[in-house]
Amino acid sequence: MKKDISEIIKTALKAAHAAGELKTQESALPAFTVDQSKKEEFGDFSTNVAMLLTKHEGKPPRDIAALISKRISEDENVERTEVAGPGFINIFLDSAYWVRLLGRILSSGAEYGSSTVGKGKRVQVEFVSANPTGPLHIGHGRGAAVGDALARVLKAAGYEVTKEFYINDAGRQVFNLGESIQLRMQELQGKKIELGENHYKGDYIIDIAKDYIEALKKGGGGAVPTATEFGISAMIKWIEEDLKEFGIEFDEWFSEGSLDDEGLVTKTIEELKSKELVYEKDGATWFRTEKFGDDKDRVLIKADGERTYFASDIAYHRDKMARGFDTLVNVWGADHHGYEARVRALFRALGLDDSALKVIFIQLVALLRGGVPVAMGKRSGEFVTLRHVIDEVGSDACRFFFLMRKSDAQLDFDLELAKSQASENPVYYVQYCNARVLSIFAHAKEKGVKIPEDSELAGLADKFGAEEIRLIRHLGRFEEVIERSAKEMEPHRVTFYLMELAGLFHPYYNRNRVVTNDPGTTKARLLLFKAVGTVASNGLKLLGVSTPEKM
RNA sequence: GCGCCUGUAGCUCAGUGGAUAGAGCAUCGGCCUCCGAAGCCGAGGGUCGGAGGUUCAAAUCCUCUCAGGCGCACCA
């Protein structure tokens, strides 16, 4: 849409130059903006191009605007133009332009909004990546909603996207999991036990311990898993189920331990050694990350011989890059932001381009119930699980709420509000768009109105007035919203767009009847509504929120 | 102390260097003989944390500063 306008302006500038009205050649044009006007009195679009040319042309901005404006108005799509304020050119488009746009939305259908700006570039989005030592909590839920929506948005913008979950199934944490299970097993066998500070205390460990005892009894052929192995696979299964409940499926589940099996971690450390980027100090093995922009050097192998998580991460990121991705997106909890410099350093140390890495930080979720904070904290072994929230408020409301803020802002999540089916709940407000459209179509059919074909639009141009065009104009922005959402990696933009759409649509509905005595008006409005429903459901799909036909 | 994030309406938050800074909630006042009232109409409400600077133009960019959060491991 903006592209169309931009072309019109460029053509006008060229014509003005050819006619000797402008000194500035096409090649010397500044990067001007085309904006959808904030107010209708300012037209459909405005551009600042004249103001940017003042220096080069040596004339007052309004004079320059006047002559460009005249050229722009010569375009067939343009109804009229005017010069406003300090030198804006306001462009009023012919309504035929908008009706053609509506036609394009209808013919694109479920594809409307998708584009090819991503040019098929390969992007990997790694998110959630929770330790397999406990259930997903609400913070993971936010990361999951953002990561998944981002993946969908990128796909819609023409990127080739892979969603990956990195399983931290090596190292200290899972060792503690195994110990916790073994202790609970002893307890089940009547022994008195004491759980240490590092042990997992939730009841789910007891369940796993019971299952493990059963599994051991049954025996079965082949190798017997250790308590740790058994625990990990039970936890992963659990996590996978919770995510599925949340509408999320990963393309890859990447095991940290598998890096080890292939000796990749050791190999990577050896390589760093050969580059003299590694040294021994205080019995530990250090990596010279400071040389590459980190605050200080980092330990790879601790004095006790155990490797750090960072050591695996070097091999992991290198493996990701070797898989041929153009961009790696890491979705992390905000408490990990100190880790970014370290990872960037490892890219540079390995000779990889760290501009391929994009880290998205997910801020905290403060859980409220009717405005009162819900106590959280893992310490007591009690936390609010994602599953609990999904069960209470539903997956749709949950996902929508997580996507109502940009991810690096803290989020208040009020369970009562998310649950409420009143108008104050924005999820329903948006879902209601599509449901309402379908309901109107049903009503029209009942009344014996023939549902128009998309192709009938051409003859209905005069049925679209200012109010209808206002809606179409907003529908037309959808593509740009997705493009920008993908470019900035900010899926919340789609959420806001949809709330705005609903905020235009419902008032329109209330002011105007669709099924009227005038067949042309009825057809025009049915087609307009169809397009609104299409955009609303295309948008909700990007968020991973369902589009119920009835509510 | 250093680094990152956040300060915008009573609350929760949008906002792409542009025009008179927006939305939802809350508050107050209205609207169901009428395609769904899970809806609509209207009103009030602002020192964009503060101070400088760049610019024709700053909530937006730069510097400083204040406040809050997070991080600064041989944890993950």
Side-chain angles (χ1 to χ4, degrees), chain A residues 2 33-39 41-42 46-48 51-52 54-55 60-61 84-88 90 129-131 133 168 170-174 198 256 281-286 295-296 298-310 312-313 333-341 361 363-364 368 371 404-412 414 417 420-429 431-432 435-436 438-444 446-447 449 480 484 487-488 492-493 495-497 499-500 502-503 505-516 522 525-526 529 550-551:
Chain A
K2 270 187 202 171
T33 60
V34 176
D35 287 302
Q36 194 155 50
S37 305
K38 279 185 195 162
K39 305 207 167 182
E41 58 193 277
F42 298 147
S46 64
T47 178
N48 65 350
M51 289 179 281
L52 297 174
T54 45
K55 257 185 203 153
F88 290 103
N90 291 337
S129 298
N131 290 336
T133 54
N168 303 129
R172 195 75 222 165
Q173 308 290 321
V174 289
N198 293 324
E256 178 185 358
K281 194 181 89 183
D282 304 329
T285 304
W286 296 72
D295 299 340
K296 50 173 284 191
R298 304 293 173 175
V299 170
L300 296 178
I301 302 170
K302 300 186 256 175
D304 64 6
E306 243 183 281
R307 283 187 339 233
T308 60
Y309 175 86
F310 182 52
S312 302
D313 243 3
D335 56 339
H336 285 60
H337 68 241
Y339 201 73
E340 182 175 358
F361 293 105
Q363 265 293 354
L364 291 179
L368 308 173
M404 276 198 324
R405 300 278 174 272
K406 57 181 169 196
S407 48
D408 54 11
Q410 284 194 24
L411 168 72
D412 284 343
D414 196 309
L417 177 61
S420 91
Q421 306 218 332
S423 58
E424 66 196 22
N425 190 337
V427 188
Y428 294 96
Y429 192 56
Q431 286 180 320
Y432 189 29
R436 179 163 251 174
L438 293 172
S439 150
I440 296 279
F441 270 74
H443 171 79
E446 252 173 57
K447 290 256 174 173
V449 174
E480 287 153 19
R484 195 169 168 87
K487 191 175 147 227
E488 307 290 338
H492 76 278
R493 290 172 182 275
T495 318
F496 279 89
Y497 170 82
M499 291 195 285
E500 283 170 20
F505 176 64
H506 295 304
Y508 175 86
Y509 167 84
N510 255 270
R511 279 193 301 265
N512 302 282
R513 289 192 69 79
V514 175
V515 180
T516 64
T522 303
R525 291 183 180 170
L526 283 172
F529 272 41
K550 278 186 182 166
M551 303 177 57

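Each chain gets a letter, A, B and so on, in the order its sequence line appears, and its residues count up from 1. Please read these numbers as outputs of a predicted model, since none were measured by experiment.
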Are any of A:T308's side-chain N or O atoms less than 4.0 Å away from OP1 or OP2 of B:C74? no
Between A:F496 and B:A23, do the rings stack, that is, sit under 5.5 Å apart with planes less than 30° off each other? no
Taking the C1' atom of each, how far is B:U55 from B:U27, in whole Å? 41 Å
Any stacking of A:Y429 on B:A38, going by centres under 5.5 angstrom and planes within less than 30 degrees? no
Is the shortest side-chain N/O distance from A:K406 to OP1 or OP2 of B:G15 below 4.0 Å? yes
What integer number of Å spans the C1' atoms of B:C66 and B:A23? 29 Å
Using atom C1' of each nucleotide, how far apart are B:G22 and B:G46 to the nearest Å? 11 Å
Using the C1' atom as the reference point in each nucleotide, state the distance between B:A26 and B:G44 in Å, no decimals. 13 Å
For B:A73, does either OP1 or OP2 sit under 4.0 Å from a side-chain N or O belonging to A:R298? no
Using a heavy-atom cut-off of 4.0 Å across all strands, would you classify A:S46 as base, sugar-phosphate, or nothing? base
Distance alone, cut at 3.5 Å: any donor-acceptor contact between the side chains of A:T133 and A:Q173? no
Distance between the C1' atoms of B:G45 and B:G3, in whole angstroms? 38 Å
A:K302 vs B:C75: side-chain N/O to OP1/OP2 distance below 4.0 Å: yes
Judged by whether its glycosidic angle lies within 90° of 0, B:C32 is syn
